[in-house]
Amino acid sequence: MKPAIATPLSTLDTIFLRRSVRSFEPRPIDEETIRALLDAAVRAPTAMHLEPWSFVIVQNAEALHRYSESAKAVWATAGSTDEALHMPRMGRGFGARTADPAFSIFHHAGTLIVICAKGVGPLVEADCWLAAENLMLAAGALGLGTCCIGSALPVLNSPAVKAELHIPADIRAVAPIVVGVPAGPAAETTRKDPDILCWKK
Ligand SMILES: Cc1cc2nc3c(=O)[nH]c(=O)nc-3n(C[C@H](O)[C@H](O)[C@H](O)COP(=O)(O)O)c2cc1C
């Protein structure tokens, strides 16, 4: 289903206006909107047309709080073992924030959408991340804010949480994304110029 957009943004506007949003209004996201985001996600290109994704939606505040507290405990002790967890570096300051009882790794968003990968293969996770970007751009076009929460992955892929979220053993969480109504404008970020290694003509 193509979502109805009241004030359409151009594709380039949507790309260039996207920010990671880390402050949300308490307003919930309704089911129709979430389904529209999922429909946009699955329009991503997919290697060999495998469509190797499935989705988990968490809108339960108690569960989100519990997963956040578990993740904070993981990261409080992870430190130099980030690499061992195959995680991107969380950046300076993340360790300290895990000690703050008010800090939620989900930034107090009411909705978490987890894109999960089915099966194995060199391009399965690539497909899931393409779906993730589609979902985030669609959310932006609808005036919603998103943020990838890579720091949730160890907890979401723990056997206990997978069982709670009905994620089968052969499916794994790849791209956790929080979604919500932004509480205000998100901080602008910069990018380095594209590093072109070769432009062979
Ligand atoms: C794979 C991945 C994992 C990320 N994990 C987190 C995270 O755990 N917590 C968080 O607040 N932001 C997370 N981010 C968001 C990045 O910090 C953010 O994209 C980056 O700082 C650039 O900012 P921008 O998205 O606003 O341009 C993640 C982004 C990606 C792509």
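Indexing begins at 1, ligand by ligand and atom by atom, following the structure's order.
Contact atoms of ligand 1 toward H107: 10 (C), 11 (O) (distance under 4.0 Å to a heavy atom of the residue). Interface of R18 with ligand 1, defined as ligand atoms under 4.0 Å from a residue heavy atom, comprises 24 (P), 25 (O), 27 (O). The distance from ligand 1 to the heavy atoms of C147 drops below 4.0 Å at these ligand atoms: 10 (C), 11 (O), 12 (N). Taking every non-hydrogen atom of S151 and a distance limit under 4.0 Å, the qualifying atoms of ligand 1 come out as 7 (C), 8 (O).
Here the shortest heavy-atom pairing between L135 and L38 reads CD1-CD2, 4.2 Å. The nearest pair of heavy atoms linking I149 to H107 is CD1-CD2, 3.7 Å.
Shown here are the side-chain contact (heavy atoms from CB on, under 4.5 Å) partners of R43, two or more places apart in sequence or in another chain: N134.
Closest to atom 14 (N) of ligand 1 by heavy atom, among A71, A152, C148, A132, is C148. Atom 22 (C) of ligand 1 has its nearest heavy-atom neighbour, among R191, R19, R22, in R191. For atom 27 (O) of ligand 1, the choice among T190, V178, T189 with the nearest heavy atom turns out to be T189.
Between atom NE2 of residue H108 and atom CZ of residue F24 there is a gap of 11.0 Å, rounded to the nearest 0.5 Å. For the atom pair CZ (R27) and OG1 (T111), the distance works out to 12.5 Å, reported to the nearest 0.5 Å.
For a threshold of 3.5 Å applied to N or O pairs, the pair formed by A187 and ligand 1 contains no separation below that value.
In the hydrophobic cluster analysis, where Ile, Leu, Val, Met, Phe, Trp and Tyr join through side-chain heavy atoms closer than 4.5 angstrom, L50 is grouped apart from W53.
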Review item, side-chain donor-acceptor pairs of residues 174-192, under 3.5 Å, at least two apart:
from, atom 1, to, atom 2, distance (Å)
T189, OG1, R191, NH1, 3.3

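Of all the heavy atoms of W129, the ones lying under 4.0 Å from any atom of ligand 1 belong exclusively to the side chain.
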